[in-house]
Each structure stands twice: as structure tokens, then as C-alpha cells.
Amino acid sequence: MPKLKRTHTCGELRKKNVGQEIILSGWVHKWRDHGGVIFIDLRDREGITQIVFGRQESSGVRAKELETLARKLRAEYVISVAGKVAPRPEGTANLQLPTGEIEVLPEEVEILNKAKTPPFEVSDQVDVSEEVRLKYRYIDLRRQKMQRNLFLRDRVCKATRNFFDEHGFIEVETPFLTKSTPEGARDYLVPSRLNPGSFFALPQSPQLFKQLLMVGGIEKYFQIVKCFRDEDLRKDRQPEFTQIDYEMSFTDEKDVHSITEELMVRVFKEVLKIDIPLPFPRLTYEESFRRYGTDKPDVRFAMELKEISDIAEKSEFKIFKEALKKNGIVCALNAKGLAETSRKELDELKEMAGDCGAKGLAWMKMTDKTFQSPITKFFKQEELDAIAERAEAQKGDLLLFVADKAKIVYDALSKLRTFLGERLNLIPRRALDLDYLFSEQRKISVEPSFFSFVWIVDPPLFEYNEEEKRWSPVHHPFTSPREEAFPFLEKLTELPKDMEEVSQVLSRAYDLVLNGHEIGGGSIRIHQRDLQEKIFQLLKIPPQEVKEKFGFLLESLGYGAPPHGGFAFGLDRLVMILTGSSSIRDVIAFPVTQKAFSPLTNAPSAVSERQLKELHLKLEK
RNA sequence: GGGGACGUAGUUCAGACUGGUUUAGAAUGCCGGCCUGUCAAGCCGGAGAUCGCGGGUUCAAAUCCCGUCGUCCCCGCCA
């Protein structure tokens, strides 16, 4: 049982505490031994306080004992210090530290635990590979940056819970041991001991349960909940991740959008202390592709794509005309002021476009009033002028062109747009300084313009999957089509591949995009059994499978399901953006590597023969 | 499933292209000594590396070749 019980944290002592007898507990952060005087920086999660051994005032046998003890202290020892708060001598205050005007003169020191030399320093300045950080995550978490990330994440959750509580939503838990569904990502499976040969699946999202809660009359539900998807990882994708999930009855897009916007206002106000403007701008899915080439545009800067198919059509440039003949399009991107781009850099851009499937990247440099380009000779002057006008090109600009199928053109140019936006410093790319959030001044240093939200609405209901040779839902199969499509869909019994009208059917889904990241999405759901069955039929899910996998949902829709809809945020991505982190791994306490392996626990790992047997499982040799 | 980058003291990197003066080097951390005001403390000294692993080429391999494992980034995938 430790003798010393802490009275203060290492972040709170100030001049006004001078003279008080206090007790601090924490980790030895740094020590500086000057021979006659020894400084210990004591750290806990609230801050750092300097302890001084051997100051002139202290002398005698006791002081010598303490000094001897202090020399034994090492980095990351866990200690308690009882002592008196003293002002620092004239001229030795450290203004970098909130506690920098005082120091503690120890009277007693208790070592609560020794520590081996840590594999890396507990400091934000020190570079450590992610693998080492994950293996020693409990040390990594002591670093201020990680602590702040987790504190901030906690505040987001707290603000979210308060917000939903005040708006009449109740938090309901849904099962983790549930049913595998055919659509969507791969499931994580859990074998059932009591039901040989049967498996639970961990939920990819609580989608079906939240709909059942609406049928159950809960009306307003929310949950901060883990979801599981067994797909390949990225810096913004972990196999288990957290959603802020909610659903409402008797609702429409307008309600869902406004509650979502208000939630964001609340979170940004409470967490970052800034006001974000409402309402968020709205782009249709079609418009988003047309102007930015993507359904998750970064609208912090303009630099929009300009289609020039009509001009290219009239020109003599075969490559453009060939693409158009194959039902393709030609688009231009104006890289303002980059006419000086070197051949080598152009090749790099071309390669980037090539990664997206583009067969080439045409360019024109605007010099004075003329064009410098290998392809100008294929264009008449008035065509060049038309292009320049369309692209709003001026002297010094660089125009980039891709001609191909729309998907490839959009893919390539949106990628180039993002790249060039960064290159041209069009994005307010100031290091997110979160210090103010944790300091006493609470001085605002984060501008609302750092955060650009945009709604992407009216996506198509179906898209054709070339690989599987069938239509699949753009959002998920429970998304309601827009009402005007009902008669069209009712007439159909299947979706022919080349039926243009199918891709024109719009859905009542919506995504929320922040700074080019998709941070959430949702939809108004189908609440009529007939329509839901129709959709399954059109998606060519065999009736037997529909009954097996979704029977309970269809059944529930037959017992008085209210119209309902909702939304789900990717909490990890949201917190990643709020903290200015470059990976969601930095806002998750215990993430896994790209192979979904934990260097900390060594999970996943083999299990005993006996466990397998109990679960009625045999491993392939 | 595919493409790319990387793997060398505890940690972060250099050395590799062009094999041999390399006894594999630096910084930081670690250990010891000196030092009464530091806060990236300073000065002096010291320890610390199966060069990811396996195989091959060669008189000789951290260095070249093949395989393999791991980490990160990207494409596919992620309703």
C-alpha cells in the first residue's frame, strides 16, 4: 500500500500554490543531474512539474538521503513526491510549461514501481516506427499526442451522447453475435459450440437491427458501436471500427440532414471551440462527379473539371475523337500558374493518371496568348480559344486533359486535382495546433475554413458490377428509391445490363464528406414489404436466400413498419480529421497492422486442438 | 490477388548503385565519472549490431542474385 496519496496533478500547480504542502504522483519524464542540484520532471496525464533536489535552502542528513535516492531514479519510474511548492529563482522560470513558474522541493519520495529502460522515449519529438509503437502501445499511449487524441475522441463521444439525449434519442445496444449477410463486405465469423456447423457473424453495421428498432416503435435510436469488416486495410480502415449510428421514424432527408448538421455543430463547438456555418452545401452525386470527378470532393478549393467533349469533337485530334467515338468524354483541369512544369514532372503526372487507367495525359501550357503544347497543331485557333475560355485559362496556367470513358477521366483528373491542390497550396494546410484546447487561454487557433463539409445527395440506386455481371446497390439494398421511380421499378422483373434507365433511378441516400473524406452516410429506408421484395428480386438475390438471410426483416416490414431513415458516422475518421492525424490508427487505442495483426497481443493466434474440437472445427492441413 | 517503398546498435538513420582501408559509422537513448539552476542541460569516458531469416554466386557479401517473413503506401476489395 503506497504511503503517499496524491493531492494534486502534475499540470495544476501555479504561483498561487507556493508554500503549500502537496503530494504528486507520476512517471519520471526526464532528469537532469547537475551534481549539486538534480531536476526531475514528473509527468502525469495532466502535465509536467519540476522537482528539485539539493536547493540551497535544503540541507542536512535528510537532504543528502533524498539526493542519493534521486540519483537512483530512471526514466519511467513511477513515483510519488511529497513536498512544498516553491517559486523558481529569478530568471529560471520556464514559460513553455504551464507549471513553469514553480517547482517542488521534495520532503519525501516513494518509488511505486521501477521501469526497464523503455524501447523509446515518451516524447512527441522522437520518431519511432509504427510497429514498435504498437508492440509497446502502453508506452506509446503515454505520449502527449496520443493522450490528446484519446481525450479528444472521448469529448466527441461525450458531446454526441449529450446531443442525442437532449434530442430524445435513446442509446440501444444491438447484438455482436449475429447473422451473416450475403451483400457487402466479408464477415468475421464466430463458430457456435452449441450449434455444430453453424456460425455467428460479427456485424458489419447495426443496419438491420436499427431498422427493427424502428419497427419496434423506438422512434429515435442512437448508438456508438463497433462494426467489423474483414477486408484489406488502409490508413483509414481497420477491421473493427466505430460508428456513431442513428435512426429515426416518421422522417425524411431534411430531418436527417438537419440533425446531422446540428450534431456536427455541437461536436465542433464543444470539442474544437469553433463555430461551423450551416447549412452544409449540397451537391448531387452527378454534379459532384461532373465538377470534381469524385463522390467525395475536397471542396476547400475550387479547381474544377471542365468537360470539353463538344470542342474536342470538332478538332482534328484523333486521340480525343477516338475516345469520344467510344462513348467517352474529354475533360480539362486547369493547374493555375504551373506553366513552368518540367517535362519530368509532367511525366509524373502522366504516370499518376495512368495508375487510374488513363492511356495518356495531354497538356497545354499557356504562354502569353499562345499555347505551348505538342497537340496544338490539331486544333484551330477558335477551338483553342474555346478551350481556354472554358477552362478559364490565363497566361502561366497549365491545362491537363484526359480523354477516355467517363469513369477513367474522372478517376484520373480527381486524383490529379487533389495532388495539384496540395502542390499549389490551395488547401489551408496548417499543422493543426490543438495546444489551445489543452491550455488555460483557450485561444482559438483553428479556423472554421479548415473544415469543409459537403452533402452528396441523390446517388443512383443501382450500379452495374462488370465483374459479377449484375446490378448491385450503390448504398445498400434497404435504401429507398425515390418515389418517382416506383412505377418504373414495379413494371420490371429484372434489370437488363444495357438498360440506361436503370442507372438513372435515384435513391434516397446521402453521404457527408469532410475535406475529401467520406465521414458518414445514410438513407431513407424501404419500409414497405412489397417494395423491399421487389428490390431483392431485381438484385437477383434468389428467393430462397432472401428468405434465409432477410426473412426476419421482410416479416417485420409486414407488421406495421413506420417510414424511417438514418445515418452513420465513421467516428475514427471524424476524430482523425479533428486531431489532424494522418491515420485512424492514431486515434484508436489498440489498432492492428495492415495484416490485421496485433504486435501487442500477437492476435490472431492458433488455438488448441481441444478448443477446435469443442467448436466442431477441423483445420485444413 | 496485384504494384511500390522499406528491414543495419534499445530507437531513428547513413553505408548498398560501383562486393575488398569498414575493426559496419552517426545521432539519440543506455551505463560510469565530473558539474549548484537546468528544462533538447553541458563536458569526459564506456558498453551496445547473428546487417530480418534461408539459400546461392564469389577468393571475398550488409552490399549482387533467388526465395521467404515482417512493416508501411497504393490498386482491387471495403453494401
Side-chain angles (χ1 to χ4, degrees), chain A residues 29-43 48-59 63 67 71 74-76 86 88-97 99-100 103 116-136 139-140 181-187 204-205 207-208 227-239 241 351-352 354-357 411 415 459 461-463 465-468 471-479 507 509 518 521-523 535 539 541 568 570 582-583 585 592-595 597 599:
Chain A
H29 186 62
K30 286 259 180 180
W31 79 97
R32 295 175 292 280
D33 182 348
H34 284 239
V37 61
I38 302 166
F39 303 98
I40 302 281
D41 288 342
L42 190 64
R43 182 194 75 238
I48 287 175
T49 300
Q50 176 166 284
I51 319 290
V52 187
F53 294 83
R55 228 172 98 159
Q56 271 155 347
E57 303 89 310
S58 52
S59 58
E67 267 187 64
R71 290 219 158 75
R74 291 293 178 268
E76 300 310 304
R88 292 201 186 182
E90 185 87 28
T92 64
N94 181 354
L95 300 178
Q96 316 289 54
L97 275 181
T99 61
E103 56 196 15
K116 296 207 296 181
T117 301
F120 53 88
E121 259 185 279
V122 178
S123 154
D124 290 345
Q125 314 334 316
V126 174
D127 247 4
V128 195
S129 77
E130 201 149 358
E131 201 180 353
V132 176
R133 286 175 56 200
L134 291 193
K135 176 162 178 170
Y136 299 96
I139 297 172
D140 191 40
T181 51
E183 296 283 328
R186 289 189 195 89
D187 288 316
Q204 295 178 25
S205 82
Q207 181 60 35
L208 293 174
C227 303
F228 306 86
R229 293 177 191 176
D230 187 5
E231 293 294 345
D232 286 2
L233 279 55
R234 290 281 193 282
K235 61 181 171 183
D236 60 351
R237 275 163 31 190
Q238 283 273 301
F241 60 97
E351 195 183 321
M352 208 179 286
D355 289 344
C356 302
D411 239 33
K415 199 168 171 192
L461 190 61
F462 306 108
E463 65 189 344
N465 184 326
E466 291 289 349
E467 219 165 90
E468 293 177 30
W471 291 88
S472 55
V474 169
H475 190 54
H476 59 50
F478 321 109
T479 300
S507 77
E518 185 196 320
S523 64
I535 298 292
L539 288 170
I541 305 174
S582 55
S583 160
R585 292 189 296 270
V592 293
T593 67
Q594 199 159 42
K595 281 191 68 186
F597 175 78

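Chain A is the first sequence line, chain B the second, and so forth, proteins listed ahead of strands; every chain is numbered from 1. Atom set for the values below is all heavy atoms of this structure, side chains included, hydrogens, waters and symmetry mates excluded.
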> Base, sugar-phosphate alone, or nothing: which one does A:Q207 contact when heavy atoms must sit under 4.0 Å apart?
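Base: the residue A:Q207, judged by heavy atoms under 4.0 Å, touches a nucleobase.
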> A:V132 side chain: which of B:C74, B:U11, B:G37 is closest?
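Within the option list, the nearest is B:U11.
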> Across the strands shown, which category fits A:R585 at heavy-atom distances under 4.0 angstrom: base, sugar-phosphate, nothing?
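Sugar-phosphate contact only.
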> Quick one: A:E130 CD to B:G70 C1', roughly how many Å, whole number?
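The answer, rounded to whole Å, is 14 Å.
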> Under 4.0 Å from OP1 or OP2 of B:U12: is there any side-chain N or O of A:S129 that close?
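Answer yes for this pair, as a side-chain N or O of A:S129 is under 4.0 Å from OP1 or OP2.
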> So which protein N/O to nucleotides 39-45 of chain B N/O distances come out below 3.5 Å?
unit_1 : atom_1 : unit_2 : atom_2 : d
B:C39  : O4'    : A:R32  : NE     : 3.2
B:C39  : O2     : A:N94  : ND2    : 3.1
B:C39  : N3     : A:R88  : NH1    : 2.8
B:C39  : N4     : A:R88  : NH1    : 3.4
B:C39  : N4     : A:T92  : O      : 2.4
B:A41  : N6     : A:D33  : O      : 2.8

> Within this structure, what is the CG-to-C1' distance between A:D127 and B:G10, rounded to whole angstrom?
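Rounding to the nearest Å, CG of A:D127 and C1' of B:G10 are 15 Å apart.
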> Give one of base, sugar-phosphate or nothing for A:P473, where a contact means two heavy atoms less than 4.0 Å apart.
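Contact class for A:P473: sugar-phosphate only.
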> Less than 4.5 Å apart, any side-chain heavy atom of A:R43 and any of A:D41?
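No. Closest side-chain heavy atoms not under 4.5 Å.
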> Taking the P atom in each of B:G45 and B:U28, what is the distance between them to the nearest angstrom?
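B:G45 and B:U28 have their P atoms separated by 14 Å.
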> Identify, between A:S205 and A:A75, the residue whose nearest nucleotide on RNA chain B lies closer to the 5' end.
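Taking each residue's closest nucleotide, the earlier one in sequence belongs to A:A75.
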> Can you check the A:D230 CG to B:C78 P distance for me, whole Å?
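Spelled out: CG on A:D230 to P on B:C78 is 12 Å.
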> Atom CZ of A:R71 and atom P of B:C34: how far apart are they, to the nearest Å?
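Computing the A:R71:CZ to B:C34:P distance gives 8 Å.
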> Could you pull out the closest heavy-atom pair between A:P459 and A:A509, with the gap in Å?
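Answer, listing the atom of A:P459 first, then A:A509: CD-O, 3.2 Å.
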> Who does B:G37 pair with, Watson-Crick or G-U, both distances under 3.5 Å?
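Per the H-bond distance test, none.
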> Does A:T117 put a side-chain nitrogen or oxygen below 4.0 Å from OP1 or OP2 of B:C30?
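Indeed not, no polar side-chain atom of A:T117 lies that close.
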> Answer with base, sugar-phosphate or nothing: what part of the nucleic acid does A:E90 contact at a heavy-atom distance below 4.0 Å?
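Nothing: the residue A:E90, judged by heavy atoms under 4.0 Å, touches no strand.
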> If you look at every strand shown and take non-hydrogen atoms under 4.0 Å, does A:R234 touch a base, only sugar-phosphate, or nothing?
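Base, at least one base heavy atom under 4.0 Å.
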> Using a cut-off of 4.0 Å on non-hydrogen atoms, how would the nucleic acid contact of A:E121 be classed: base, sugar-phosphate, or nothing?
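It contacts sugar-phosphate atoms only.
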> Please check if the number of heavy atoms outside A:Y136 that lie under 6.0 Å from its OH is greater than 12.
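Count not over threshold, so no.
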> If I pick the C1' atom on B:G48 and the same atom on B:G3, what distance separates them, to the nearest angstrom?
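It comes out at 39 Å once rounded to the nearest Å.
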> If you measure from the P atom in B:G19 to the same atom in B:U58, how many Å do you get, rounded?
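These two P atoms come out 16 Å apart once rounded.
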> Could you check A:S472 against A:S582 and say which one's nearest nucleotide on RNA chain B is further toward the 5' end?
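Its nearest nucleotide being more 5', the pick is A:S582.
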> Applying a 4.0 Å non-hydrogen cut-off, can you work out what A:F120 is touching in the nucleic acid: base, sugar-phosphate, or nothing?
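Answer is nothing: A:F120 stays at 4.0 Å or more from every strand.
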> B:G54 and B:U8: how far apart are their P atoms, nearest whole angstrom?
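To the nearest whole Å, 15 Å.
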> In whole Å, what separates the P atom of B:U11 from that of B:G55?
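Comparing P positions in B:U11 and B:G55 gives a spacing of 25 Å.
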> On the nucleotide B:C72, are OP1 or OP2 found under 4.0 Å from the side-chain N or O atoms that A:K235 carries?
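For A:K235, the contact criterion (side-chain N or O under 4.0 Å from OP1 or OP2 of B:C72) is not met.
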> Between atom CZ in A:F53 and atom P in B:U38, what is the gap in whole Å?
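For the pair A:F53 CZ and B:U38 P, the rounded distance is 19 Å.
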> Spell out yes or no: do the side chain of A:R237 and the base of B:C77 have one donor N/O and one acceptor N/O closer than 3.5 Å?
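Indeed there is one.
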> Evaluate the salt bridge (charged side-chain N to carboxylate O under 4.0 Å, His left out) criterion for residues A:R237 and A:E231: first the C-alpha distance (whole Å), next the side-chain angles of each, then the deciding distance (0.1 Å), finally the verdict.
CA-CA 9 Å; A:R237 275 163 31 190; A:E231 293 294 345; over 6 Å; no
> For B:A9 versus B:G25, give the span between their C1' atoms, rounded off to a whole number of Å.
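Each nucleotide's C1' atom is 11 Å from the other's.
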> Between B:U11 atom P and A:Y136 atom OH, what is the distance in whole Å?
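Taking atom P of B:U11 as the reference, OH of A:Y136 is at 8 Å.
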> Ignoring hydrogens and angles, state whether a donor on the side chain of A:R585 or A:Q594 is under 3.5 Å from an acceptor on the partner side chain.
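Per modelled atom types, A:R585 and A:Q594 side chains form no pair under 3.5 Å.
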> To the nearest angstrom, how far is A:R133 atom CZ from B:U12 atom C1'?
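The answer, rounded to whole Å, is 14 Å.
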> Give A:T479 one of three labels, base, sugar-phosphate or nothing, depending on what nucleic acid heavy atoms sit under 4.0 Å from its own.
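No contact.
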> Regarding A:K135 and A:E130, does a basic nitrogen lie under 4.0 Å from an acidic carboxylate oxygen?
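Not counted as a salt bridge, because no side-chain N and carboxylate O are separated by less than 4.0 Å.
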> Paired with B:A26 by Watson-Crick or G-U wobble geometry, both distances under 3.5 Å: which nucleotide is it?
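Check on B:A26: paired to B:U12, both distances under 3.5 Å.
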> If I take atom CG from residue A:D33 and atom CZ from residue A:F39, how far apart are they, to the nearest 0.5 angstrom?
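That separation rounds to 10.0 Å.
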> Expressed in angstrom and rounded to an integer, what is the separation of A:I139 atom CD1 from B:G29 atom P?
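In whole Å, B:G29 P lies 17 Å from A:I139 CD1.
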> Identify the nucleotide, in any strand shown, that forms a Watson-Crick or G-U wobble pair with B:A5, with both distances under 3.5 Å; if there is none, say none.
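Paired with B:A5, as far as the under-3.5 Å criterion goes, is B:U71.
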> Let's see if you can work this out: which of B:C31, B:U71, B:C78 has an atom nearest to the side-chain heavy atoms of A:R229?
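Comparing B:C31, B:U71, B:C78 against the side chain of A:R229, the answer is B:C78.
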> Which atom names give the shortest non-hydrogen contact between A:K235 and A:S582, and what distance separates them?
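A:K235 and A:S582 have their closest heavy atoms at CD-O, 3.5 Å.
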> Looking at side-chain heavy atoms only, is the closest gap between A:I535 and A:F462 below 4.5 Å?
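They are in contact (side-chain heavy atoms under 4.5 Å apart), so the answer is yes.
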> Should A:V122 and A:I139 count as side-chain neighbours, where that means a heavy-atom distance under 4.5 Å?
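Yes; the side chains approach each other to less than 4.5 Å.
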> Among B:U12, B:G37, B:C72, find the nucleotide with the atom closest to the side chain of A:Q594.
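Between B:U12, B:G37, B:C72, the one nearest the side chain of A:Q594 would be B:C72.
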> Which nucleotide in the list B:C31, B:G37, B:G76 gets nearest to the side chain of A:F39?
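Within the option list, the nearest is B:G37.
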> Determine the interatomic distance between P on B:U63 and the same-named atom on B:C6; round to the nearest Å.
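Looking at atom P only, B:U63 and B:C6 are 15 Å apart.
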> In whole Å, what separates the P atom of B:G46 from that of B:A27?
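13 Å, rounded to whole Å.
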> Can you find a pair of side-chain heavy atoms, one from A:F53 and one from A:I40, that are under 4.5 Å apart?
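In contact.
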> Determine which nucleotide pairs with B:G20, using a 3.5 Å limit on both distances of a Watson-Crick or G-U wobble pair.
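WC or wobble partner is B:C59.
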> Is the base of B:G3 touched by the side chain of A:D355 through a donor-acceptor pair closer than 3.5 angstrom?
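Per atom types, no contact qualifies.
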> Give one of base, sugar-phosphate or nothing for A:V474, where a contact means two heavy atoms less than 4.0 Å apart.
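It contacts sugar-phosphate atoms only.
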